[in-house]
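Here the structure is a predicted model, which is why all the values come from computation and not from measurement.
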Amino acid sequence: MLELLAPAGSMEALRAAVQNGADAVYLGCGAFNARQSAKNFTPQTLVEAIKYCHVRGVQVHLTLNTLVSDREMTEAGELIRHAAQNNIDAFIVQDLGVVQLCRQIAPGVPIHGSTQMTVHSLPGVLLCAAMGIKRVVLSRELSREEIRYICANSPIEIEVFVHGALCMCYSGQCYMSGVIGRRSGNRGQCAQPCRLPYGYGRFENKHPLSLKDNCLAPYLRELEQMGVASVKLEGRMKRPEYVATVTGIYRRAIDAGRVTRGQMDRLEAIF
């Protein structure tokens with residue numbers, strides 16, 4: 001059975017995800033997560049969140065998915081230790097230095113390679129496996145054929161984003177926000193300039209860089225047959241109502257093996 005991994009940008013969103021059937025949630029705490037503008041969690045509320053989820057049989061994955069400078073490694077290590085001591089279920093990591101830090105401080109906690117790592121090929125997956133990473137979140141730009149091939153040959157678990165916003169390039173590798181406003185996507189501060197209108201003359205006020213959102217609800221059974229271990233919903237910046245609706249629909253779609261027209265209409269409405 002596919003694991004359903006839902007976003008939790010706040011305690012309210014976390015409760016919404018859990019109460020609507022998520023198998024696991026992912027959340028950020030402190031400075032080392034790719035959604036600095038979300039409410040996120042403090043070290044204290046992180047403990048509350050883990051307890052709330054574990055009592056209900058739901059796992060908690062901590063996002064450490066930004067690049068970390070040398071002078072920040074001590075702080076990152078303290079967060080890793082705190083999370084591990086309070087029974088976090090996995091770390092989602094981008095920085096290879098942080099991968100090593102997690103292995104040294106909390107060797108018993110699984111490490112998941114973030115989509116920010118831009119792993120888009122089987123050699124990338126194999127390299128992650130050699131580094132001790134237990135799961136890879138594939139780049140969102142891959143085709144079904146590429147996902148199928150990687151799953152068939154991967155020695156570790158594969159996770160795929162199935163719903164939500166898409167970056168205009170490989171996640172985390174766009175420097176547009178950093179160049180325009182000194183807000184780096186690799187530091188959790190992307191201002192999403194790709195969503196703005198660009199052009200001149202008759203092309204003015206068009207949105208040539210803004211992609212449509214992702215929705216793979218009709219393809220969940222196919223993903224499961226490919227060997228995908230976990231399907232991930234994007235949305236740590238979204239309201240709890242959005243998280244509740246999308247998580248609930250994907251839960252029912254996974255359990256039933258199909259999605260109805262009414263459910264697709266609700267997904268469009270909540271968008």
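Pairs engaging residues 19-29 under the salt bridge (Lys or Arg N to Asp or Glu O under 4.0 Å) rule: Asp23-Arg251 [sequence neighbours left out]. The ring pair (Phe, Tyr, Trp, His ring centres under 6.0 Å) analysis of residues 86-124, with sequence neighbours excluded, yields the pairs His61-His112, His120-Tyr170. Each salt bridge (Lys or Arg N to Asp or Glu O under 4.0 Å) pair with one or both residues in residues 207-225, not counting sequence neighbours, appears once here: Arg144-Glu222, Arg148-Glu222. Annotation: salt bridge (Lys or Arg N to Asp or Glu O under 4.0 Å) contacts involving residues 61-85, sequence neighbours excluded, comprise Glu72-Arg187. Note on residues 95-104: no pairs pass side-chain hydrogen bond (donor to acceptor under 3.5 Å, both in side chains), not counting sequence neighbours. Here ring pair (Phe, Tyr, Trp, His ring centres under 6.0 Å) pairs that include residues 226-271, with residues two or more places apart or in two chains, are His163-Tyr250. Counting only residues at least two apart or in different chains, salt bridge (Lys or Arg N to Asp or Glu O under 4.0 Å) contacts with residues 261-271 comprise Arg261-Asp265.
Taking Ile, Leu, Val, Met, Phe, Trp and Tyr as hydrophobic and joining them when side-chain heavy atoms fall under 4.5 Å apart, one finds Leu166 in a cluster with Leu211. Other members of the cluster containing Tyr198 are Met168, Met176, Ile180, Leu196, Leu209, with ILVMFWY side chains joined at under 4.5 Å, either directly or via other members.
Val68 and Leu79 fall within a single hydrophobic cluster, where Ile, Leu, Val, Met, Phe, Trp and Tyr side chains are chained together by heavy-atom contacts under 4.5 Å. Hydrophobic clustering, with ILVMFWY side chains joined whenever heavy atoms are under 4.5 angstrom apart, groups Val119 together with Val231.
Counting only distance, with no hydrogens or angles, the side chain of Thr247 and the backbone of Val243 share a donor-acceptor pair below 3.5 Å. Using a distance-only test at 3.5 Å, with no hydrogens or angles considered, a donor-acceptor pair links the side chain of Arg140 to the main chain of Ala165. Between the side chain of Gln94 and the backbone N or O of Gln116, at least one donor-acceptor pair lies under 3.5 Å.
Heavy atoms from other residues, nucleotides or ligands lying under 6.0 Å from CZ of Arg195 number more than 12. Surrounding OH of Tyr219 are at most 12 heavy atoms belonging to other residues, nucleotides or ligands under 6.0 Å away.
Nearest approach of Leu267 to Ala217, heavy atoms of both residues: CD1-CB, 4.2 Å. Residues Pro240 and Ala16 come closest through the heavy atom pair O-CB, 3.5 Å. Heavy atoms only, all atoms of each residue included: Phe161 and Leu216 are closest at O-CD1, 3.8 Å.
When the salt bridge (charged side-chain N to carboxylate O under 4.0 Å, His left out) test is applied to Glu241, the partners found at least two apart in sequence or on another chain are Arg239. Remark: Glu157 pairs with Arg135 by the side chain to side chain donor-acceptor pair (under 3.5 Å) rule, at least two apart or across chains. Taking the side chain to side chain donor-acceptor pair (under 3.5 Å) definition, one finds that His54 meets it with Asp89, sequence neighbours left out.
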